Amino acid sequence: MAVDKNGKPLPKGITYRSKENRYMGRFMYHSEAFTVYGKTLRETQKNLNDLKYKVENHLYFKESSVTFNAWFEIWINEYKKPSVKAGTVEVYKNSYKAYIKNCFGIKQLRDIRTDQIQSFYNQMARLYSHNTLEICRAILNGMYTQAFRNEMIQKNPVSNAVLPRNNKRQSASVMSEAEQKIFLTYAKNARYYPTYELALSTGMRSGELRGLQWTDIDFQAKVIHVTHTLLYREHTYVFDSPKTASSERDIPMLDNVYRLLKEHQKIQWKERLELGKEWNPPKEFENLVFTNPKGNPIARDRLKKSIDRILKSIQSAYPLFPHITPHTFRHTFATRSIERGIPPKVLQTILGHSDLATTMDTYAHVLSGTKTSEMKKLAELFP
């Protein structure tokens with residue numbers, strides 16, 4: 001039995017090293033030895049217990065062995081899932097797989113240098129949008145910051161890398177008034193037409209539209225309450241809180257929206273009666289405003305494919321008609337709003353942006369187009 005310098009028995013796994021005047025703690029896990037040290041017995045016991053917990057719960061890797069892919073899985077599941085929204089976790093997972101994994105995945109975490117991170121940033125800036133680059137930086141910095149806190153690495157190579165200033169910013173896809181009318185005309189008989197008109201009339205996000213419930217619609221007050229969004233996570237649909245706190249909002253219902261939703265409600269009830277038992281969505285989704293033909297939530301890709309089919313028909317007659325996505329409707333709504341004089345601060349609350357700067361930055365190109373007409377209002381002050 002090991003004893004300390006005074007001859008007192010020591011706990012199992014701890015020995016006193018007289019030449020170094022310190023204690024050493026050791027334990028085995030899957031045939032691998034792990035060692036800690038401490039100036040006092042109490043310190044050594046604490047260090048030993050902490051290390052055992054990390055090793056047994058897969059929160060510890062020796063600096064020489066952990067790969068980027070292995071640490072990402074630990075970081076996203078153990079450190080991000082408990083602290084951020086489910087939607088953010090999905091964005092991080094998808095972005096890692098699309099942009100980071102092929103570049104760094106099989107490399108060891110400790111081997112990545114600042115110049116390699118910088119080269120990655122520079123290449124991303126040439127190919128992708130500013131938002132995409134920001135997400136990748138958040139992932140890389142989050143992974144390395146936590147690894148440094150866990151004493152898995154000696155330094156954070158991301159901290160000294162600089163985002164390029166002249167990187168691409170993703171331009172908002174917007175339909176002109178004429179294009180908007182053409183699209184709605186060609187989409188009139190499509191199953192998901194009501195979602196398109198509602199999006200163009202409210203600026204709601206795709207997940208907000210697909211997660212809209214009849215209890216969110218107040219026909220008497222003519223208001224739509226945006227209280228949640230629809231997510232597809234781990235092979236199932238779930239309701240989640242809106243993107244930001246300001247995304248939870250009330251949107252006034254225009255007359256066309258009132259008529260649209262009333263008519264859609266009648267059509268949906270008719271479908272439910274005709275399908276009978278075949279209309280059988282999960283209980284939590286039985287009150288959805290927009291559904292697939294069986295009453296289940298609409299997949300984001302299904303909506304996109306429907307738009308693509310409409311575009312194919314349009315482009316056979318109008319070859320130069322622009323490519324659009326579900327998010328185009330939101331940008332188009334905002335553009336029409338600015339063109340008709342809705343103040344940016346009011347538009348911010350309708351869109352659910354967290355701050356005015358987001359609205360101003362996103363739609364600066366539209367706002368600049370109104371400067372000439374607005375300046376002319378000052379002409380009457382001068383003879």
Side-chain angles (χ1 to χ4, degrees), residues 85 87 172-175 177 180-181 183-184 187 190 192-231 237-268 285 287-291 297-298 300 303-304 307 324-363 366-367 370:
K85 287 169 56 63
S173 173
V174 175
M175 288 186 283
E177 285 193 54
Q180 180 175 330
K181 290 178 181 178
F183 179 86
L184 289 176
Y192 302 121
Y193 172 85
T195 64
Y196 309 144
E197 184 174 338
L198 186 60
L200 287 166
S201 302
T202 62
M204 291 172 64
R205 300 176 178 93
S206 173
E208 295 170 346
L209 285 164
R210 292 180 293 111
L212 191 65
Q213 301 188 87
W214 287 111
T215 49
D216 299 321
I217 297 172
D218 187 339
F219 284 112
Q220 185 173 356
K222 289 192 173 183
V223 169
I224 297 174
H225 304 292
V226 181
T227 60
H228 50 259
T229 188
L230 184 70
L231 289 180
Y237 287 101
V238 295
F239 285 125
D240 196 12
S241 55
K243 187 175 181 181
T244 64
S246 56
S247 294
E248 190 168 328
R249 62 202 187 277
D250 291 344
I251 302 177
M253 193 185 301
L254 300 176
D255 289 342
N256 71 299
V257 172
Y258 181 91
R259 294 191 298 270
L260 176 82
L261 290 174
K262 279 291 188 180
E263 180 62 25
H264 178 67
Q265 193 175 45
K266 293 178 184 177
I267 293 172
Q268 189 183 86
F285 299 120
N287 202 32
L288 285 175
V289 174
F290 303 116
T291 72
I298 303 172
R300 182 174 57 181
L303 207 60
K304 185 179 181 302
I307 294 171
I324 63 173
T325 69
H327 210 59
T328 300
F329 302 136
R330 179 170 166 84
H331 289 311
T332 300
F333 165 80
T335 300
R336 294 291 94 80
S337 299
I338 293 171
E339 289 172 349
R340 279 156 176 74
I342 292 181
K345 185 64 180 176
V346 175
L347 181 59
Q348 174 202 337
T349 62
I350 296 173
L351 292 173
H353 284 158
S354 56
D355 53 60
L356 183 59
T358 301
T359 308
M360 297 292 285
D361 184 50
T362 307
Y363 300 105
V366 187
L367 290 164
T370 67

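Everything numeric here is computed off the predicted structure, so don't read it as measured data.
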Quiz item: Please walk me through it: do H331 and H327 pass side chain to side chain contact (heavy atoms under 4.5 Å, CB included)?
Solution: CA-CA 7 Å; H331 289 311; H327 210 59; 3.2 Å; yes

Would you give the length of the straight line joining atom [atom1] of [X] to atom [atom2] of [Y], rounded to the nearest 0.5 angstrom?
X	Y	atom1	atom2	result
N256	E197	CG	CD	5.0 Å
L198	M253	CG	CE	8.5 Å
Y196	T328	OH	OG1	12.0 Å
L212	H228	CG	NE2	6.5 Å
L351	R330	CG	CZ	4.5 Å
F239	L230	CZ	CG	6.0 Å

Quiz item: Is the number of heavy atoms from other residues, nucleotides or ligands under 6.0 Å of K181 NZ greater than 12?
Solution: no

Self-check item: Partner set under ring pair (Phe, Tyr, Trp, His ring centres under 6.0 Å) for Y192, not counting sequence neighbours
Solution: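 By the ring pair (Phe, Tyr, Trp, His ring centres under 6.0 Å) rule, Y192 matches no residue at all.
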
Quiz item: Between F329 and F183, what is the ring plane arrangement, given parallel below 30°, perpendicular above 60°, and tilted in between?
Solution: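 The arrangement is tilted - the two ring planes meet at 30° to 60°.
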
Quiz item: Is the H264 ring parallel, tilted or perpendicular to the F290 ring (thresholds 30°, 60°)?
Solution: tilted

Practice problem: Can you spot which of D250, V257, V289 makes a side-chain contact (heavy atoms from CB on, under 4.5 Å) with I224? | Solution: V257

Quiz item: M175 and side-chain contact (heavy atoms from CB on, under 4.5 Å): which partner among T335, T332, L184?
Solution: T332

Of all heavy-atom pairs between [X] and [Y], which one has the smallest distance, and what is that distance?
X	Y	answer
G211	D216	O-OD2, 4.3 Å
W214	F219	CZ3-CZ, 4.0 Å
S247	R205	OG-NH1, 3.3 Å
L209	A199	CD1-CB, 3.5 Å

Exercise. Could you tell me whether E208 and R249 make a salt bridge, using a distance below 4.0 angstrom between a side-chain N and a carboxylate O?
Key: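 A salt bridge links E208 with R249.
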
Quiz item: Please walk me through it: do F333 and L347 pass side chain to side chain contact (heavy atoms under 4.5 Å, CB included)?
Solution: CA-CA 10 Å; F333 165 80; L347 181 59; 4.0 Å; yes

Practice problem: Look at the side chain of Q268 and the backbone N and O of L288, then say whether any donor-acceptor pair between them is shorter than 3.5 Å. | Solution: yes

Self-check item: With R336 via side-chain hydrogen bond (donor to acceptor under 3.5 Å, both in side chains) - residues at least two apart
Solution: Q180, E339

Self-check item: Test salt bridge (Lys or Arg N to Asp or Glu O under 4.0 Å) applied to E177 - qualifying residues, sequence neighbours left out
Solution: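 Partners of E177 under the salt bridge (Lys or Arg N to Asp or Glu O under 4.0 Å) test: R340.
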
